[in-house]
Amino acid sequence: MAAEELRGEVAAVVFANAETGFGVVEVVGAEDEDGARATGPLAALVAGQCVRLLGRWTDHERYGPTFAADAYEQTAPSSVAGLQAYLASDRFPGVGQTLAQRITERFGLELGEVLAAEPQRLTAVKGVSAQLAKTVAEAWRSADEQGRLVATLSAAGLPARTVSAVLRAFGDGAPATVAADPYAVLGVAGVAWAHAETLARAAGVDRLDPRRLVAGAVAAERACCASGHLAVEGPALQAEARRLLGVDQVDARRALDLAEQCDALVRDAQLWWAPDDLEAERTLASELARLLVARSVLPAAARSAEPDLGLTAEQRAAVRRALSRSVSVLTGGPGTGKTRTVVALVDACEAHDLRVALCAPTGRAAKRLEELTGRGATTIHRLLEARGDSGDGFTFGYGAHRRLPHDVVVADEWSMADTALAAALASAVGDGAHLVAVGDADQLPSVGPGAVLRDLVTEPAATVVPATRLTAVHRQAAASRIVTLAHEINAGTVATPRGRDGDVFAVPEHPAGIADRVAEIVAVRAPAYFGVLPADVQVLAPMYRGAAGVDRLNVRLKERLNPARGRRAVAGFHEGDRVVQTRNDVELDVANGDLGEVVVTDAAQRTVTVAFASGTVTYDGQQAADLAPAWCLTVHKAQGGEWPVVVVVLDPAHRSMLWRELVYTAVTRARSGLLLVGDPGLVTAAARRSAAGARPRRTALGPRLVAAVAAARLPDPRNVSSHTGEEVP
């Protein structure tokens, strides 16, 4: 469909979000004095600016005809009054109302031509210096360039939200940055290689241009590491670069060499790394080594305290290690008593007046830790006083520059922590303080790159980091078929579930009928049998696509559990919808993976208020784009959570994703009831396929940590006598 256009002058800015680039403006055209409302990547527009919008007309349920813009470009001013308002806006610092009036009285609607060709003529106006004239001309040109860039990016196929992300990432310099190197946009989330290629072709970039070769090498490294690897071997990277760039082997090698020369990629330990990933792993290794060799701040009485005699021998050993060693790991499967051990550790710390912090990677995991221990817990980001930076990353209030004021830091659900987050926490733990990492090493690894928990409990890292693996399943837990099934899956010995087996139910269903069967289970069957509410039943699926994927199941469950029934949706949601936050937002104080319920929708203000376990949060229309339906979640999104009843979808179409770690993680989310809907035999097949065994994540944390500890333990040459070689006390 050909794009429609709307021309006119911005009469008013109704809403503008500088962070997302989204804006709502009123545009008045020469033939439409009443004006029209326009929405889209328009946050940079100001009143008085004349524009040409490209997009399409839509019919808004509240405001009627609305122009949904995909792009805009600045046009010549159409009225002196509008031009004056434009000059007086914040876009032209130092001008103001008085000078804006003088300038428009002098140059009128020809101002744009003057600024483009002879900006120095503005100095003829009283109060306008040569520097101010230059500033006004640059601001006018920047607005013009930014509008053209929006049109260019949109033409390359970038969605409006991604266009806004590009503008946000590069700021006022976005047009110049993209003009200098169209491949620079690849650093922005949501931009694909095909988008950058389209931009580069339009700019006339040669296929062997160094900019393209470097970008192709970096994109190839990202593709090779997409499944969680931190690094890639040379031959694999070269092959991917050759495929992506469409070049021969010689030029692919040249691409890698160029990327290394400009530090876009780094070779280390005979592997290729993205600089940020290498720095994160190096930091994690060095910070853990710092903690491992530091003198403990815990008093001797605390370090030698005898744990609760009610614990098992394994649990007591874990508490002793946590108190006597500055870094330790506690791992184990369901029913083995990890939480009981953490509670005993915290009791021992409190008995000696030690300052303890409990944290977890997500808000949901932190809330669960709080409920299970009876102590306050927080997300790692909140503990470290995270703040969003100019991109999609974070800066932390605590780190190497300012250590946490705690004697012991307990980090739960450590399997969810990627290398960067683990490095941030380790950097913030003070010298001599103790870090205790708790988690199930057999679960899925983190969504982000790395396999920190798994690396720490295996050789060679296990030679320097004391770890306790709880193996004994306690009597009460052993009575649960959910627990025993999980251990059988982990051991690869599970038989195909059939019918009812304790608190586990196998529900065979053809793929086409899975969505309807799941909706019936959540709405009626499970609540009636288990005595719970539908909100206590969580559906999990391994993939988004397909007739029984997350997307389809969310639609079907919404229809069954919270139909629209004529209600107006705001940002796609109605009151009563179950939602999940999809990225960390430190300004709203919500974390990726937090689950909540929409409790208020305000169509007039275009806001959505969500009740989370930590409190209510109000989103504007653009912030709400970070919310997704949560009637059904992926297993990755469910990590760190637990529900009374869990429905696991087993569709043969998802077979490629059904491996041991994923199914094990899904099963261990259930507390009282587990329903396996689809082909229960896939559980047995999955238990025989270990993703970790078939595709271990490529990292170097283990050897790097061992080397860092060895180096940290060497005596400082400055404190060694040159005569005796003995360390000076």
Side-chain angles (χ1 to χ4, degrees), residues 228 333-334 338 360-369 371-372 379 412-418 439-448 453 482-483 485-486 489-490 503-504 514 518 521-522 526 532 534-545 548-554 557 561 577-584 590-597 612-613 627-651 654 657-678 682-683 686 691:
K338 293 192 299 296
T362 67
R364 184 172 67 254
K367 184 65 176 178
R368 182 170 173 237
L369 178 62
E371 293 169 348
L372 292 173
T379 63
D412 196 18
E413 294 292 350
W414 201 236
S415 63
M416 299 174 66
D418 60 27
D440 187 343
D442 294 319
Q443 284 189 22
L444 286 170
S446 56
V447 174
L453 179 58
I482 296 172
V483 171
L485 176 65
I489 291 171
N490 200 31
D503 45 14
V504 175
I514 288 177
V518 167
I521 287 171
V522 176
V532 298
D536 296 321
V537 184
Q538 182 61 56
V539 180
L540 306 179
M543 299 176 73
Y544 283 97
R545 66 176 183 269
V550 170
D551 292 337
R552 173 60 187 144
L553 284 165
N554 269 317
L557 287 164
L561 298 170
D577 278 350
R578 195 185 303 184
V579 294
V580 59
Q581 177 74 11
T582 60
R583 74 176 186 92
N584 292 319
V590 287
N592 186 6
D594 283 356
L595 292 172
E597 180 182 330
F612 293 102
L627 294 171
W631 308 101
C632 178
L633 297 172
T634 63
V635 181
H636 271 103
K637 281 291 184 189
Q639 272 189 279
E642 186 181 74
W643 292 268
V645 181
V646 167
V647 177
V648 178
V649 173
L650 299 167
D651 183 355
H654 299 161
M657 283 289 290
L658 290 169
W659 59 74
R660 182 185 304 166
E661 289 82 357
L662 184 135
V663 175
Y664 173 79
T665 302
V667 167
T668 54
R669 301 309 92 204
R671 185 165 63 244
S672 303
L674 173 69
L675 296 100
L676 307 171
V677 182
L682 290 173
V683 171

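Residue indices begin at 1 and follow the sequence shown. We use all heavy atoms of the structure for the numbers below, so side chains are in, but hydrogens, waters and symmetry mates are not.
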Keeping the roles fixed (side chain from [X], backbone from [Y]), state whether a donor-acceptor pair exists under 3.5 Å.
X: Asp412; Y: Ala360; value: no
X: Arg364; Y: Lys637; value: yes
X: Gln538; Y: Trp631; value: yes
X: Asn554; Y: Asp551; value: no
X: Arg669; Y: Gly641; value: yes
X: Asp503; Y: Ile482; value: yes
X: Glu597; Y: Phe612; value: no
X: Ser446; Y: Ser415; value: no

Measure across [X] and [Y] and return the closest heavy-atom pair with its distance rounded to 0.1 Å.
X: Ala666; Y: Val646; value: O-CG1, 4.2 Å
X: Gly363; Y: Ala591; value: N-CB, 4.0 Å
X: Ala548; Y: His654; value: O-CE1, 3.4 Å
X: Glu413; Y: Ala365; value: CG-CB, 3.8 Å
X: Ala526; Y: Val532; value: O-CG2, 4.1 Å
X: Val522; Y: Val539; value: CG2-CG2, 3.5 Å

Rounded at 0.5 Å granularity, tell me how far [atom1] in [X] sits from [atom2] in [Y].
X: Leu444; Y: His636; atom1: CG; atom2: NE2; answer: 4.5 Å
X: Leu540; Y: Thr665; atom1: CG; atom2: OG1; answer: 10.0 Å
X: Leu553; Y: Ile514; atom1: CG; atom2: CD1; answer: 8.0 Å
X: Arg583; Y: Asp594; atom1: CZ; atom2: CG; answer: 13.0 Å
X: Tyr544; Y: Met657; atom1: OH; atom2: CE; answer: 10.0 Å
X: Thr379; Y: Lys367; atom1: OG1; atom2: NZ; answer: 13.0 Å

*asked:* side-chain contact (heavy atoms from CB on, under 4.5 Å) for Leu485 and Tyr664? Distances and angles first, verdict last.
replied: CA-CA 9 Å; Leu485 176 65; Tyr664 173 79; over 6 Å; no

Any [X] side-chain heavy atom under 4.5 Å of [Y] side chain:
X: Leu595; Y: Arg578; result: no
X: Val645; Y: Asp536; result: no
X: Pro542; Y: Leu658; result: yes
X: Pro445; Y: Asp418; result: no

*List for me each residue that meets salt bridge (charged side-chain N to carboxylate O under 4.0 Å, His left out) alongside Arg552, sequence neighbours excluded, and say none if there are none.*
none

*Salt bridge between Arg671 and Glu642, side-chain N to carboxylate O under 4.0 Å?*
yes

*Passes side-chain contact (heavy atoms from CB on, under 4.5 Å), Asn592 versus Gln581? Steps please.*
CA-CA 5 Å; Asn592 186 6; Gln581 177 74 11; 5.5 Å; no

*Test log, rule side-chain contact (heavy atoms from CB on, under 4.5 Å), inputs Leu633 and Val550*: CA-CA 6 Å; Leu633 297 172; Val550 170; over 6 Å; no

_Audit row: Val677, Val648, side-chain contact (heavy atoms from CB on, under 4.5 Å) steps and yes/no_ = CA-CA 6 Å; Val677 182; Val648 178; over 6 Å; no

